Amino acid sequence: MRGKHVPLHHFKKHETKQHILFKFLAVLAIFAGYFGFIVYKYGLENGIMITALTWSFFVLCTPIADAGFLIDFPLRLITRIKMLYSEMLVWIIAISVNIYAFFSHPKYYEKTTLLQLFKHILEEPVPFWAIIFISAVGTFMSVLFGDELFDVAKHSERKFHAKHKHNHNFIVMVFTIGISIILYYFLLKKLGVSIPV
């Protein structure tokens, strides 16, 4: 007796969800490990703020959505809210944390080399706020792509024009993120940060 035929899109859907879940768990593990180390070194009160500022650095100053992914992914699974909208909330939280820390407790920025660099970026809007702008472009483009992956996994059967639109959007996203990373790289060089290639 032959086994039941399983459509190919079933495996693709399963692999997409596995990939996203693995990425989330990896980011969560790194975040939890960092938080534990910082709390051990600086105490609970300082550790919470230093970790929050470090998280906000990766939200505001890297052109990918890995830091915001800690919030985006669970919200998408639980509430089905698109990650684009939750990422907007992530940016509001990250900016608010820095407004509070920068004007009320700037001492926190002196605790780690990364936060010292972050403070330097915040103190010089020209040209270094361009890093934040470029990161916003790259982040929201990658979040849009992440939402597309969820939608593809949920609705595997698409019409030709929908697939064509998806391919076009993917090319635009890759191009935009590529340009953003190149500009980001040159701004970091101007800031004096060397990135091994």
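All of these numbers come straight from a predicted model, not from anything done at the bench. Below, all heavy atoms of this structure are taken into account, side chains as well, without hydrogens, waters or symmetry copies.
Connection of I30 to L28 is not established within any shared hydrophobic cluster, with ILVMFWY side chains joined at heavy-atom distances below 4.5 Å, either directly or through further cluster members. Placement of F35 and F118 in two distinct hydrophobic clusters is found when ILVMFWY residues are connected by side-chain heavy-atom separations under 4.5 Å, directly or transitively. Both Y100 and F103 are assigned to one and the same hydrophobic cluster, defined by single-linkage of ILVMFWY side chains at heavy-atom distances under 4.5 Å.
Note that CD1 of I48 and OH of Y108 are 9.5 Å apart. Values are rounded to the nearest 0.5 Å. Atom CD1 of I50 and atom CD1 of I38 lie 5.5 Å apart (nearest 0.5 Å). Between the CH2 atom of W91 and the CD1 atom of I95 there is a distance of 6.5 Å, given to the nearest 0.5 Å. Here I132 contributes atom CD1 and N98 contributes atom CG; the two are 8.0 Å apart, rounded to the nearest 0.5 Å. Note that CG of L122 is 6.0 Å distant from CZ of F102, once rounded to the nearest 0.5 Å. Note that the CD1 atom of I93 and the CE atom of M88 stand 14.0 Å from one another [nearest 0.5 Å].
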Check the pair F128, L117 against side chain to side chain contact (heavy atoms under 4.5 Å, CB included), reporting the backbone distance first and the verdict last.
CA-CA 11 Å; F128 297 128; L117 173 66; over 6 Å; no

Applying side chain to side chain contact (heavy atoms under 4.5 Å, CB included) to H120 and Y109, what does each step give before you reach the verdict?
CA-CA 9 Å; H120 185 58; Y109 291 97; over 6 Å; no

Hey, mind stepping through F58 and L114 against side chain to side chain contact (heavy atoms under 4.5 Å, CB included) and telling me if it holds?
CA-CA 10 Å; F58 286 103; L114 183 68; 3.8 Å; yes

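Annotation: ring-ring contact (aromatic ring centres under 6.0 Å, His included) contacts of Y42 (sequence neighbours excluded): none. With sequence neighbours excluded, the residues satisfying side chain to side chain donor-acceptor pair (under 3.5 Å) with E110 are K119.
A heavy-atom distance below 4.5 Å is found between the side chains of S56 and L53. Side-chain contact check for K41 versus N46: every heavy-atom pair is 4.5 Å or farther apart.
Using a distance-only test at 3.5 Å, with no hydrogens or angles considered, a donor-acceptor pair links the side chain of S86 to the main chain of M83. Side-chain N or O atoms of T62 include none that pairs as donor or acceptor with a backbone N or O of F57 at under 3.5 Å.
Contact detail for G47 and V39: the closest heavy-atom pair is CA-CG2, 4.2 Å.
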